[in-house]
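Below: the structure, in structure tokens.
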Amino acid sequence: MAAPLGGMFSGQPPGPPPPPPGLLAQASLLQATPGVPRTSNSTLVDELESSFEACFASLVSQDYVNGTDQEEIRTGVDQCIQKFLDIARQTECFFLQKRLQLSVQKPEQVIKEDVSELRNELQRKDALVQKHLTKLRHWQQVLEDINMQHKKPADIPQGSLAYLEQASANIPAPMKQS
């Protein structure tokens, strides 16, 4: 992406990139959002990571293992998970906004990505068609071999057991699935 992510990752200066001309200036998700306290050095990714760690810690916490009040445990875990989901939504929103900016600033880039995805999908589907054609040819050959056996009744030895032995000897082994 040509535009910086505005302090999204460590090592970058904090703050949003300047809005492109013609677009409404958007509030960066890295700055304070109502109801969500943020420290000056904290980024959305840092908060997402810490909220995930808090979710995990709440699930394996010794306090919850020794606790007897199941409702209290459930409430604490639910709060941690809800905070993680809220921050995940904010992160998704941030990237969707950046994607929107990119699509407005460089529509040809979005078209190139779509064409690339379509080419990859066509290659995958072509490989799948070839795989099915190979299986189809194999089973057509099996059916043809069986039909050839049925057309030569003079070659079949007398007795049903002998017929089954000869028929099963001419059937090829099934192909391995890949």
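One is the number of the first residue; the rest follow in order along the sequence. Values below: every heavy atom of this structure, side chains too, minus hydrogens, waters and symmetry copies.
Residues T75 and D78 have side chains that never bring a donor and an acceptor to within less than 3.5 angstrom of each other. Between the side chains of Q90 and D86, not a single donor N or O lies within less than 3.5 Å of an accepting N or O. Side-chain atoms of D145 and Q141 form a donor-acceptor pair, as typed in the model, at a separation below 3.5 Å.
Taking F56 as the reference, nothing meets the ring pair (Phe, Tyr, Trp, His ring centres under 6.0 Å) condition, with sequence neighbours excluded.
Taking NZ of K83 as the start and CD1 of I87 as the end, the distance is 5.0 Å to the nearest 0.5 Å. Expressed to the nearest 0.5 Å, how far CD of E144 lies from CD of Q149 amounts to 11.5 Å. Residue Q105 holds its CD atom at 8.5 Å from NZ of K98, rounded to the nearest 0.5 Å. One finds the OG atom of S51 at 11.0 Å from the CD1 atom of I81 (value rounded to the nearest 0.5 Å).
No side-chain heavy atom of V115 sits less than 4.5 Å from a side-chain heavy atom of L118. Residues L100 and S103 meet the side-chain proximity criterion, which asks for heavy atoms closer than 4.5 Å. The side-chain heavy atoms of K112 and S116, taken from C-beta on, include no pair separated by under 4.5 Å. Inter-residue side-chain proximity for L122 and R119 is flagged as unmet; no heavy-atom pair is nearer than 4.5 Å. Contact check for H138 versus K135: no side-chain heavy atoms found under the 4.5 Å cut-off.
Closest approach of C55 to C80, counting heavy atoms only: SG-O, 3.1 Å.
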What do the steps show when you test E121 against K125 for salt bridge (charged side-chain N to carboxylate O under 4.0 Å, His left out), and what is the final call?
-> CA-CA 6 Å; E121 186 175 345; K125 287 184 178 181; 3.0 Å; yes
Under the salt bridge (charged side-chain N to carboxylate O under 4.0 Å, His left out) criterion, do R99 and E92 qualify, and how do the steps go?
-> CA-CA 10 Å; R99 179 75 177 169; E92 181 182 22; over 6 Å; no
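Between the side chain of T134 and the backbone N or O of Q130, at least one donor-acceptor pair lies under 3.5 Å.
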